[in-house]
Amino acid sequence: MSAAPFSRRLLDWHATHGRHDLPWQVSDPYRVWLSEIMLQQTQVITVIPYYQRFLERFPDVASLAAAPVDDVLALWSGLGYYTRARNLHKAAQAVIERHGGAFPRSPAAISELPGIGASTAAAIAAFSFNTRAAILDGNVKRVLARWAGIDGLVAQKAIEKQLWALAESLLPDGPDMPAYTQAQMDLGATVCTPKKPACLACPLQDDCVAKRDGRQAELPTPKPKKIIPSKTTVMLLIRDGAGRILLQQRPPNGIWGGLWCLPEVPSTLAAVADARAQLGCEIELDETGEDFVHVFSHYRLTITPQYATLLREIPQAREAGLQWFAIPDALAAGIPKPLRSLLER
DNA sequence: AAGTCGGGGTA
DNA sequence: TACCCAGACTT
């Protein structure tokens with residue numbers, strides 16, 4: 001006696017226990033695409049307000065393609081992984097220019113757009129065009145590693161290849177690709193969770209290797225933990241006579257790429273000289289703000305806010321990307337989260 | 001293969 | 001705290 005197929009059990013479970021009211025559960029490829037990009041490494045509850053605001057400003061791919069990238073980054077401000085926003089903008093322009101405004105249909109063509117890898121391309125194709133294509137996101141990796149009892153780091157190439165092959169072998173035939181794709185994500189997000197999975201509610205429990213062997217906590221194989229380094233920086237909050245502050249747009253690569261940020265110096269000691277040389281600003285230092293810590297995934301940044309007053313500007317020998325902002329304009333621009341916190345207090 | 005890239009939810 | 005999230009891209 002064998003259980004119903006994997007996909008059938010997943011689909012039946014999804015019909016009654018899946019998530020059916022997410023705002024991007026539509027067939028419009030633009031909306032599906034936008035949601036998939038925002039959802040990369042970002043949880044549903046975090047994405048929803050950003051998604052709504054973004055769609056109000058950019059209701060279709062043409063409006064997105066025509067916008068300045070600064071406007072796109074402003075709407076992404078606070079969501080993180082800002083390369084996603086710049087790639088989204090580039091991809092919108094590619095859809096207009098190379099595809100005549102119609103979103104490409106095949107996973108291969110979709111994945112050629114910047115910011116879209118194999119899994120995201122498959123999800124877009126499945127949701128928008130009912131294409132039979134396997135996804136392999138964090139949820140699916142966890143579900144499959146447990147269900148099939150696959151040991152080894154999922155980041156390892158051989159393991160990932162194995163998971164892709166398994167995911168493709170389990171695909172259903174017929175018209176159920178949107179539901180099946182959603183079902184995998186929903187099972188991983190609500191039942192087969194990283195910690196304390198709800199195995200008794202799982203449609204795959206009867207033949208799940210991890211459950212059979214009590215290895216739910218060991219699969220997928222936990223990543224080795226590494227110690228993240230600490231860095232420090234001083235952010236200069238320079239005010240001019242009109243109460244504006246000086247911001248500097250960061251280069252496209254690196255942390256907070258393309259965002260507007262406070263000018264940084266290594267320490268408060270040489271801040272006056274550094275401001276003269278790099279910012280073309282003669283300043284006097286005011287109070288030093290209280291340190292605060294901002295934690296990234298790969299390092300911990302201690303930020304010292306240094307308040308200062310502009311005495312006069314020296315236009316020559318200024319670095320690029322410097323601009324004075326009134327506070328409300330700064331808050332409406334593409335700025336990173338710690339700067340928003342600093343300006344709002 | 002390993003590192004880079006944010007910010008937040010959750011236990 | 002520590003882990004992980006509808007990953008992609010660079011080195």
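We name chains A, B, ... by the order of the sequence lines, and we start the count at 1 in each one. Please read all numbers here as calculations on a predicted model, not as lab measurements.
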Report yes if a side-chain nitrogen or oxygen of [X] is closer than 4.0 Å to either non-bridging phosphate oxygen (OP1 or OP2) of [N]; otherwise report no.
{"X": "A/Lys225", "N": "C/dC3", "result": "yes"}
{"X": "A/His298", "N": "B/dT4", "result": "no"}
{"X": "A/Arg142", "N": "C/dC5", "result": "yes"}
{"X": "A/Trp24", "N": "C/dA6", "result": "no"}
{"X": "A/Thr120", "N": "C/dA8", "result": "yes"}
{"X": "A/His294", "N": "B/dG6", "result": "no"}

What about A/Ser297: does its side chain form a donor-acceptor pair under 3.5 Å with the base of B/dG6?
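Between B/dG6 and A/Ser297, which were checked side chain against base, a qualifying N/O pair under 3.5 Å is present.
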So what does [X] touch, heavy atoms closer than 4.0 Å: a base, only the sugar-phosphate, or nothing?
{"X": "A/Ile124", "result": "nothing"}
{"X": "A/Gly254", "result": "sugar-phosphate"}
{"X": "A/Val140", "result": "nothing"}
{"X": "A/Leu79", "result": "base"}
{"X": "A/Pro336", "result": "sugar-phosphate"}

Is there a side-chain contact between A/Pro194 and A/Arg142 in this structure, where contact means two heavy atoms from C-beta onward sitting under 4.5 Å apart?
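Yes, side chains in contact.
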Indicate yes or no: at least one non-hydrogen side-chain atom of A/Glu56 is less than 4.5 angstrom from one of A/Pro59.
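SC-SC contact between A/Glu56 and A/Pro59 ruled out.
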Can you name the side chain to side chain contact (heavy atoms under 4.5 Å, CB included) partners of A/Arg276, sequence neighbours left out?
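So A/Arg276 forms a side chain to side chain contact (heavy atoms under 4.5 Å, CB included) with A/Val272, A/Ala273, A/Glu282, A/Ile314.
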List the residues meeting side chain to side chain contact (heavy atoms under 4.5 Å, CB included) with A/His17, not counting sequence neighbours, and say none if there are none.
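If we apply the side chain to side chain contact (heavy atoms under 4.5 Å, CB included) test to A/His17, skipping adjacent residues, the hits are A/Trp13.
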Output the rounded distance in Å from [atom1] ([X]) to [atom2] ([N]).
{"X": "A/Lys337", "N": "B/dG8", "atom1": "NZ", "atom2": "P", "answer": "5 Å"}
{"X": "A/Leu39", "N": "C/dA8", "atom1": "CG", "atom2": "C1'", "answer": "15 Å"}
{"X": "A/Arg84", "N": "C/dC5", "atom1": "CZ", "atom2": "C1'", "answer": "10 Å"}

Report the nucleotide, chosen from [options], that has the shortest atom-to-atom distance to any side-chain atom of [X].
{"X": "A/Tyr81", "options": "B/dG6, C/dC4, C/dA6", "result": "B/dG6"}
{"X": "A/Gln156", "options": "B/dG8, C/dG7, B/dA2", "result": "B/dA2"}
{"X": "A/Lys223", "options": "C/dA6, C/dC4, B/dG6", "result": "C/dC4"}
{"X": "A/Asn87", "options": "B/dG8, C/dA6, C/dC9", "result": "C/dC9"}
{"X": "A/Asp137", "options": "C/dG7, B/dG6, B/dG8", "result": "C/dG7"}
{"X": "A/Ser119", "options": "B/dG8, B/dC5, C/dA8", "result": "C/dA8"}
{"X": "A/Glu36", "options": "B/dG7, B/dG6, C/dA6", "result": "C/dA6"}

Nearest-Å distance once atom C1' is located in both C/dC4 and B/dC5:
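Comparing C1' positions in C/dC4 and B/dC5 gives a spacing of 15 Å.
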Taking only the C1' atom of each, what is the distance from B/dG6 to C/dC3 in whole angstrom?
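Pairwise C1' distance, B/dG6 against C/dC3, rounds to 15 Å.
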Upstream residue (5' side of DNA chain B) when A/Gln40 and A/Ile45 are each assigned their closest nucleotide:
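First, find each residue's nearest nucleotide; the 5'-ward one identifies A/Gln40.
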Main-chain N/O of A/Leu322 paired to A/Gln248 side chain as donor or acceptor, under 3.5 Å
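Not at all, since once roles are kept as given, no pair shorter than 3.5 Å links the two residues.
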